[in-house]
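Worksheet for the structure shown next.
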Amino acid sequence: MTDLLLANIRPDARQSADILIRGGRIAAIGRDLDRPEGVPVVDGKGAIAIAPFVEAHVHLDKILWGLPWHSINVPPSLRAMIDNEVAIRKDLPWGVPERAGNLMRRCVEMGSTHIRSHVDISTGYKLDNLHGVLEAWEKVKHAVGLELVAFPQTGLMIDPGTAELMEAALDEGASVIGGIDPATIDADPKGHLDTIFGIASRKGAKIDIHLHEPGELGLFELGMIAERTRALGMQGRVVVSHAFCLGDGPAHKVQRMIDVLAEAGIGIISAVPGEIGFPPMFELAARGVRCAVASDSLRDTWNPHGDGDMLDRCWLLAYRTHCRADAELLRALDMGTRRGADLLGLEGYGLEVGCEGSLVLIAGENLAQILVDRPARALVVKRGRVVAADNQWIDGEVP
Ligand SMILES: [Zn+2]
């Protein structure tokens with residue numbers, strides 16, 4: 001069902017209105033709209049309607065949620081955690097399709113109707129993780145959009161054959177080329193970046209690079225990324241995830257780099273990490289850098305935390321950056337909604353006539369209070385179809 005009339009709701013916490021969705025798109029917004037024959041009506045009971053959350057960075061193939069509690073007993077070094085994950089994933093009772101499907105349904109339950117997920121590609125995994133996630137998506141694609149990043153988690157230059165597999169992934173459903181810590185993982189930043197930019201340029205793909213490397217090293221590599229982005233005319237198509245160096249690098253160099261990122265059209269995604277420095281998200285946004293928050297690794301061999309709730313992630317940003325005034329809280333909410341959609345270039349995102357008929361209903365007083373209290377998602381609608389209610393996945397038609 002792609003037609004739906006949502007009555008008695010408050011779009012973006014403004015005054016009460018109805019929203020009519022026809023053919024999966026918002027056809028009308030107004031008070032007391034006519035009720036076309038045959039179109040199901042849902043009483044929103046005065047709840048606030050917002051455009052959906054956007055999960056701009058997650059790892060659907062890594063999730064262990066639903067399996068017995070996994071105790072993490074590995075030193076916090078990148079290499080040790082990578083090797084640990086490869087070993088553990090060999091013996092899991094559930095395959096990628098079951099685990100990825102579980103997390104996608106959870107994301108939808110909490111109001112995210114679009115996901116960008118990285119999938120590990122290596123000569124060991126080959127394209128199995130990509131295929132597994134796509135198999136899971138077949139069952140939930142009516143509820144959530146999906147964009148996949150071919151991600152060289154275990155290394156690119158140090159695992160010959162990985163680059164060819166990543167390129168092959170683009171022919172089998174991925175649309176973004178990933179990268180990771182070019183100096184630390186591969187000890188070859190030039191080779192690493194030239195390889196992924198080469199593939200993306202040849203295939204017309206986007207790029208999303210994990211960059212955990214701190215301080216001067218990370219800033220140097222950001223400069224290399226910006227240089228290649230400009231040279232290949234890829235402005236607006238490159239994202240750097242984490243970019244801790246923007247949080248812990250020398251202030252004057254960070255300030256210069258923000259201008260470079262804005263000029264090169266490079267986006268920044270942060271998972272709002274714990275004790276680690278993270279990018280100054282609001283300053284980035286104010287200076288024209290596209291940016292968003294996202295979950296990243298959650299409930300897997302890397303990280304015991306997280307629950308796929310982007311409203312929680314927005315609140316975490318607000319909490320860690322001392323947002324107090326309503327306007328500041330709303331800017332934090334934007335980082336998991338409108339700015340995420342902008343960063344990923346989602347077409348038809350928003351609560352305007354002509355936009356995709358997707359939204360989330362949340363009972364509350366106003367948007368600032370919703371961010372702080374994080375109430376249940378009363379209803380999640382994707383293209384006119386109710387796909388979750390009260391934080392629970394719905395199979396089938398409108399209730
Ligand atoms: Zn990640």
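Only a predicted model underlies this, so the values are computations on that prediction, with no experimental measurement involved. Whatever order the structure lists ligands and atoms in, that order sets their numbers, starting from 1. As a basis for the values below, the full set of heavy atoms in this structure was taken, side chains included, without hydrogen atoms, waters or symmetry mates.
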| Residues in side-chain contact (heavy atoms from CB on, under 4.5 Å) contact with A226, at least two apart in sequence or another chain |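 Checked A226 against side-chain contact (heavy atoms from CB on, under 4.5 Å); matches are R230, V260, A264, I266.
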| task | Would you check if there is a donor-acceptor pair between the side chains of T162 and D159 at a distance under 3.5 Å? | result |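 T162 and D159 do have a side-chain donor-acceptor pair below 3.5 Å.
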| Axial cation check for Y125 ring with R89, 6.0 Å and 45° limits |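 Judged by the rule (NZ or CZ under 6.0 Å from the ring centre, within 45° of its axis), R89 counts as positioned above Y125.
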| query | Would you say H118 reaches the Zn ion (ligand 1) with an N/O/S atom under 2.8 Å? | reply |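 No N, O or S atom of H118 is closer than 2.8 Å to the Zn ion (ligand 1), so no.
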| message | Is H242 close enough to the Zn ion (ligand 1) that one of its N, O or S atoms comes in under 2.8 Å? | response |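 Short answer: no, not a single N, O or S atom is under the cut-off.
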| field | the Zn ion (ligand 1): angle it makes with OD1 (D296) and NE2 (H59), nearest 10 degrees | value |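 About 100° at the Zn ion (ligand 1).
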| query | Please state the angle at the Zn ion (ligand 1) spanned by NE2 of H210 and NE2 of H57: what is it, rounded to 10 degrees? | reply |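 It rounds to 90°.
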| Which pair of non-hydrogen atoms, one from F282 and one from T321, has the smallest distance, and what is that distance? |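 Residues F282 and T321, closest heavy atoms: CE1-OG1, 3.4 Å.
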